[in-house]
Protein chains: 2
Amino acid sequence: MAERKPLADSQAVHDQVYEAIRERLITGRIAPGVGVSLRSLAAELGVSPMPVRDAVRRLAAERALAVNPANKRLSVPSLTAGRLEQLSQARLWIEPELAARAASDADAGLLRRLKAIDAQVDEALRLGDVDSYMGANHAFHFALYERAGAEVLLAMAGGLWLQIGPFMRVVFGRVGADGLAADRHAEALDALKARDPEAARRAIAADITEGMDKMRAAVEAGR
Amino acid sequence: MAERKPLADSQAVHDQVYEAIRERLITGRIAPGVGVSLRSLAAELGVSPMPVRDAVRRLAAERALAVNPANKRLSVPSLTAGRLEQLSQARLWIEPELAARAASDADAGLLRRLKAIDAQVDEALRLGDVDSYMGANHAFHFALYERAGAEVLLAMAGGLWLQIGPFMRVVFGRVGADGLAADRHAEALDALKARDPEAARRAIAADITEGMDKMRAAVEAGR
DNA sequence: GATCGTGCATTGTGATCGCAATTGAGAGCG
DNA sequence: CGCTCTCAATTGCGATCACAATGCACGATC
């Protein structure tokens, strides 16, 4: 039998388009403020405008894309201090809770996987590979959060990361990869090893606070 | 001749469809677990399936509708204790914060509007009008939250209400309108009048806790 | 009478077409 | 030389059509 596409996560075209645009947003290939058109995206991806519309509407619902109410034109949401502050606060509410819940169910397999991902994070930082760092950092956090078994909160956290993507690109553009070298992943791993929910909560909270502080400083410095 | 629709809030058809489905979800008119089809919704609303697709995709991105990964068929997410607990916790994180922020900017106009809406809430409760109660209660909370000037958090709260709508309908089905008669709106109004953010936070937190406790009891009783 | 297979109806998805509105630039006028 | 007006191109939106897949039900067979 002829095997299907190697992509197991998304068989539908609009899902692939969604992932493609999401990737471009997270890596900052679409600059904030500039407008994008459905047909241009469709031509660029080699599909008809229809699945692009679906993907764009999904992203707009997740606040990863903004639609001008008058124009109906699309653009990446602009970076404002207020937005960043709200996103930071929401992350501080949700993600430590997910980490604490995950710590209760941590096992050796999860620890091994997280250590492997964290090694990729450090490697990307050492090489200054921005894209790899962001991907690995995202993978680390969500491999942990998935263990919490809280689908609703997990989805909310995913939406927050999607909105923060453009901000992170700005941080890298201003302070460089060195500015984000310090994270609390080791502390989080220790907390998981000890199955200490409160320690995991503190470690992730510190990781978020420090990261968002740097982003805030970068955003304010860029005005 | 082309006669224009009197709807001024949203000129686009897919927005009207979105609002229509959203309304049915918030008021719980679509029962959880049952499947809905694009064409049936389109026929019911008198439009083509295309704008329904857009609206449904938006709602699916907001986790207000669930898509079966195999079937791709739509359904309202089922009611589980875990989901309700997560939604409850998320509401307790976000909404008191919004209330506190709004309390700092409260003015006479906002108070007057909220009092008018609260009167509608009480009237609906007196009459046992479930749909009116849910709509008025929603209007009360979000007329308040809008004042916080926190678009990101406001959107998150809106998504949460969209997801708990079906739960609320179940509560009414089991305990009746009397079971939800007690709310903390009066306390919230007093806090706004005094411009006391912490009092507003406590009032809304208590309102949410009590309401969600009743919903939890109703859900658990229904298993 | 029960079970399995086949056919039809329905569903979601994507492409193409048409329409109205907005944008952008170029021509024309002051 | 600058401003404005107009026209064409582009954009988003909605409808309709076509197609593959799934669900459902009726009927045939053991």
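In what follows, every chain begins at residue 1, and chains take the letters A, B, ... in the order their sequences are listed.
- Evaluation of the ring-ring contact (aromatic ring centres under 6.0 Å, His included) rule for Tyr18(B) yields no partner, not counting sequence neighbours.
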Protein and nucleotides 9-13 of chain C: nitrogen or oxygen contacts under 3.5 angstrom:
from, atom 1, to, atom 2, distance (Å)
dT11(C), OP1, Ser37(B), OG, 3.2
dG12(C), OP1, Leu38(B), N, 3.1
dG12(C), OP2, Leu38(B), N, 2.9
dG12(C), N7, Arg39(B), NH1, 2.6
dG12(C), O6, Arg39(B), NH2, 3.3
dT13(C), OP2, Arg57(B), NH2, 3.1

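- Going from atom CE of Met50(A) over to atom C1' of dT16(D) covers 11 Å, rounded to whole Å.
- For DNA chain D, none of the residues of residues 58-66 of chain A falls under the heavy-atom distance limit of 4.0 Å.
- Arg24(A) pairs by the side-chain hydrogen bond (donor to acceptor under 3.5 Å, both in side chains) definition with Glu44(A), not counting sequence neighbours.
- Going from atom CG of Leu45(A) over to atom P of dA15(C) covers 12 Å, rounded to whole Å.
- Look at Asp118(B) and Arg113(B) and you find no salt bridge, because none of the NZ, NE, NH1 or NH2 atoms lies under 4.0 Å from a carboxylate O.
- In this structure, Glu146(B) has no salt bridge (Lys or Arg N to Asp or Glu O under 4.0 Å) partners at least two apart in sequence or on a different chain.
- Residues satisfying the ring-ring contact (aromatic ring centres under 6.0 Å, His included) test with His14(A), not counting sequence neighbours, are none.
- Remark: Arg216(A) pairs with Asp213(A) by the side-chain hydrogen bond (donor to acceptor under 3.5 Å, both in side chains) rule, at least two apart or across chains.
- Pairs engaging residues 150-168 of chain A under the side chain to side chain donor-acceptor pair (under 3.5 Å) rule: Glu95(A)-Trp161(A) [sequence neighbours left out].
- Applying the side chain to side chain donor-acceptor pair (under 3.5 Å) rule to pairs touching residues 101-111 of chain A yields Glu97(A)-Arg101(A), Arg101(A)-Glu85(B), Arg101(A)-Gln89(B), Asp107(A)-Arg147(A), sequence neighbours excluded.
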